[in-house]
Amino acid sequence: MKEDFLHYLWKFKKFQTSNLQTANHQPITIIHSGDYLQLAGPDFFNAQIIIENQKWAGNVEIHLQSSDWYVHHHEKDEAYDNVILHVVWQHNVRIFRKDNTEIPTLELKNFVDQETLSRYQSLVVPKTWLYCENQLSQIPSFIIRNWKERLFFERLERKSELIDFVLKQTNNDWEATFFCLLAKNFGLNTNGAVFFKIALSIPFSILRKESDTTESIEALLLGIAGLLNDEKEDVYYSRLRAKFNYLVHKHQLVLPILEPVQFFRLRPDNFPTIRLSQLANLYGTHFNLFSKILEANSSVLLYQIFQVSASLYWQNHYQFDHASQTRKKALTKSFIDLIIINTIVPIQFAYAKSLGKENIEEGILLLESIKAEQNSTIQKFQTIGIIAENAFESQSLLQLRNEYCSKSRCLECDIGIELLKDNK
């Protein structure tokens, strides 16, 4: 048994509340079980209870065993001086405050029926992948839909943390912030971190000044990435290298120390040379890109904005000095979908939030028009009968798996809570 099960029992009063008694046989009446804030200190704040005709207001602490109070050294912590009730599964020792007054203890195991215990044990028995994978078909669709919306909101909130960080670094310049986040996602998992640092290292005012020449932007990106450091006979390489050196001198750029970009185990279309060139062409094509994506209210318009290719040189190259078969290296629809999912929707949400609007409906509608991501997590959900029909659903399922299932937070999950209900 885990402590979060006791939190669930107390929060939802899933125990016999009539004839409730402390371990010292004092009658208890619960007026308000308290607020479960998951902050430092006691588990439930501002509870109200009556113990033997005396009304108490204060906090409630929950443990598996009452001796855990001393294991966690609460007797030395002033934050626990206002605990009015100690709720435990097993009472094995009397508990005292710092002033040596005894804290009343409720031993829950005497008041929880066997059916509730059986449902909990059935939920947390390990399965092939998820604890509840054999019971998901029992969950009403409206509960799953509402939970998906909450999960999606949580995912946007988490992604907003990075956006807030970049905003501070760019003096609240939304265009500059969007550029950094876009660069990160152009690098995907392999080069995302270094692309992000490259973008952060370029004052966006310089990008604005040089945006009329795509070659200048490409030279900046490839140069800071360390891809123009060597001597080569390639004419285009030499031109970019000279342009980069000129721009560094012109703008007095301080070059960051970065880890090298990676080519190993990447599909050629994802080589950093190709992705950085596509990013340069995107900004060479569109001035005030962030403003344009704010105005785009559909995936169709966003696809049009992101219809760009790598520079002409890269049509028959993947690396400098190595010619390849000629092929136009445009951003694919699936890649643009990833940009919409991971960059555009989060920054649209963060921007609206900065204006005092916290509406996720537009983001949901946009992602519902896009195909679901295909990765191992989404495929595993599919094998147990949970199919993501679109990107909104796949994003919600990723949040569910990463933040709840993988961390065994079943009793904080609407699905887990529903499975524990007595629906007779």
Side-chain angles (χ1 to χ4, degrees), residues 1-124 131 404 407-414 416-417 419-422:
M1 181 177 294
K2 295 182 179 180
E3 203 170 276
D4 60 354
F5 179 54
L6 303 189
H7 293 168
Y8 163 79
L9 293 174
W10 178 257
K11 180 179 180 181
F12 295 102
K13 295 183 181 177
K14 297 295 183 179
F15 51 87
Q16 177 189 333
T17 55
S18 60
N19 300 318
L20 207 59
Q21 294 183 351
T22 69
N24 292 337
H25 307 292
Q26 299 168 297
I28 303 174
T29 301
I30 303 170
I31 301 172
H32 175 50
S33 56
D35 302 315
Y36 186 41
L37 302 179
Q38 296 178 281
L39 301 173
D43 294 309
F44 288 83
F45 289 81
N46 300 322
Q48 295 181 37
I49 59 177
I50 297 174
I51 302 178
E52 206 167 38
N53 299 319
Q54 174 66 51
K55 184 176 180 180
W56 296 86
N59 304 327
V60 173
E61 178 66 1
I62 293 180
H63 288 124
L64 291 176
Q65 295 184 321
S66 47
S67 57
D68 290 340
W69 181 276
Y70 295 115
V71 172
H72 299 154
H73 304 295
H74 294 334
E75 77 280 6
K76 301 176 182 179
D77 191 339
E78 293 182 358
Y80 292 83
D81 286 348
N82 198 28
V83 170
I84 58 174
L85 184 66
H86 193 205
V87 179
V88 301
W89 186 251
Q90 182 180 22
H91 181 52
N92 61 350
V93 67
R94 295 166 70 190
I95 298 300
F96 296 87
R97 299 182 182 89
K98 289 174 66 178
D99 62 2
N100 289 323
T101 56
E102 184 173 356
I103 299 176
T105 299
L106 170 63
E107 189 175 38
L108 267 185
K109 72 176 183 180
N110 299 322
F111 302 97
V112 178
D113 62 57
Q114 186 58 45
E115 187 176 349
T116 299
L117 279 174
S118 297
R119 285 196 297 271
Y120 169 69
Q121 290 162 355
S122 176
L123 173 63
V124 299
Y131 286 139
Y404 290 86
K407 298 178 180 179
S408 299
R409 293 172 61 193
C410 302
L411 299 179
E412 297 173 58
C413 170
D414 282 9
I417 291 171
L419 289 172
L420 284 173
K421 286 182 180 178
D422 181 0

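Index from 1, following the sequence. Only this structure's heavy atoms are used, side chains among them; waters, hydrogens and symmetry mates stay out.
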Given the rule in the side chain to side chain contact (heavy atoms under 4.5 Å, CB included) test, do Thr116 and Leu9 qualify, once you have shown the distances and angles that lead to the verdict?
-> CA-CA 9 Å; Thr116 299; Leu9 293 174; 4.0 Å; yes

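- Scored by the salt bridge (Lys or Arg N to Asp or Glu O under 4.0 Å) test, Lys76 finds no partners at all (sequence neighbours excluded).
- In this structure, Ile31 CD1 and Thr29 OG1 are separated by 7.5 Å, a value rounded to the nearest 0.5 Å.
- When all heavy atoms of Lys2 and Tyr131 are compared, the closest pair comes out as NZ-OH, 4.4 Å.
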List the steps, then state whether ring-ring contact (aromatic ring centres under 6.0 Å, His included) holds for His86 with His74.
-> CA-CA 12 Å; His86 193 205; His74 294 334; 8.0 Å; no

Please lay out, stage by stage, how Leu85 and Ile28 fare under the test side chain to side chain contact (heavy atoms under 4.5 Å, CB included).
-> CA-CA 10 Å; Leu85 184 66; Ile28 303 174; 4.3 Å; yes

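- Among all heavy-atom pairs drawn from Val60 and Ala47, the shortest one is CG2-CB, 3.7 Å.
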Trace of the side chain to side chain contact (heavy atoms under 4.5 Å, CB included) decision for Leu6 with Val87 | CA-CA 8 Å; Leu6 303 189; Val87 179; 5.8 Å; no

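- Formation of a donor-acceptor pair under 3.5 Å by the Tyr80 side chain with backbone atoms of Gly41 is found in this model.
- Ile30 CD1 to Leu106 CG: the interatomic distance, rounded to the nearest 0.5 Å, is 7.0 Å.
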Do Trp69 and Val88 pass the side chain to side chain contact (heavy atoms under 4.5 Å, CB included) test, and can you show the C-alpha distance, the side-chain angles, and the key distance before you say yes or no?
-> CA-CA 10 Å; Trp69 181 276; Val88 301; over 6 Å; no

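- Closest non-hydrogen pair, His91 versus Glu107, comes out as N-OE2, 2.8 Å.
- Rounding to the nearest 0.5 Å places CD of Glu61 at 12.5 Å from CD1 of Ile84.
- For Thr22, the side-chain hydrogen bond (donor to acceptor under 3.5 Å, both in side chains) test picks out Gln26, with sequence neighbours left out.
- When the shell of 6.0 Å around CD of Glu78 is examined, it contains 12 or fewer heavy atoms from other residues, nucleotides or ligands.
- For the residue pair Trp89 and Leu117, the shortest heavy atom distance occurs at CH2-CD2, 3.7 Å.
- One finds the CZ atom of Arg94 at 4.0 Å from the CZ atom of Phe96 (value rounded to the nearest 0.5 Å).
- Ring orientation note: the planes of Phe15 and Trp10 are close to parallel, at an angle under 30° on the 30°/60° scale.
- The main-chain N or O of Phe44 is never found under 3.5 Å from a side-chain atom of Asp35 such that the two would form a donor-acceptor pair.
- Distance alone, capped at 3.5 Å, is enough to place a donor-acceptor pair between the Asp43 side chain and the Ile62 backbone.
- Atoms CD1 and CZ, from Ile103 and Arg97 in turn, are 5.0 Å apart once rounded to the nearest 0.5 Å.
- Taking every heavy atom of both residues into account, Asn82 and Ala57 meet most closely at OD1-O, 4.2 Å.
- The side-chain hydrogen bond (donor to acceptor under 3.5 Å, both in side chains) check on Tyr36 picks up His7, with sequence neighbours excluded.
- Taking OG1 from Thr101 and CG from Asp81, the interatomic distance works out to 8.5 Å, rounded to the nearest 0.5 Å.
- At a threshold of 4.5 Å between non-hydrogen side-chain atoms, the residues Glu102 and Asn24 count as touching.
- The aromatic rings of Phe12 and Tyr8 sit tilted, their planes meeting at an angle between 30° and 60°.
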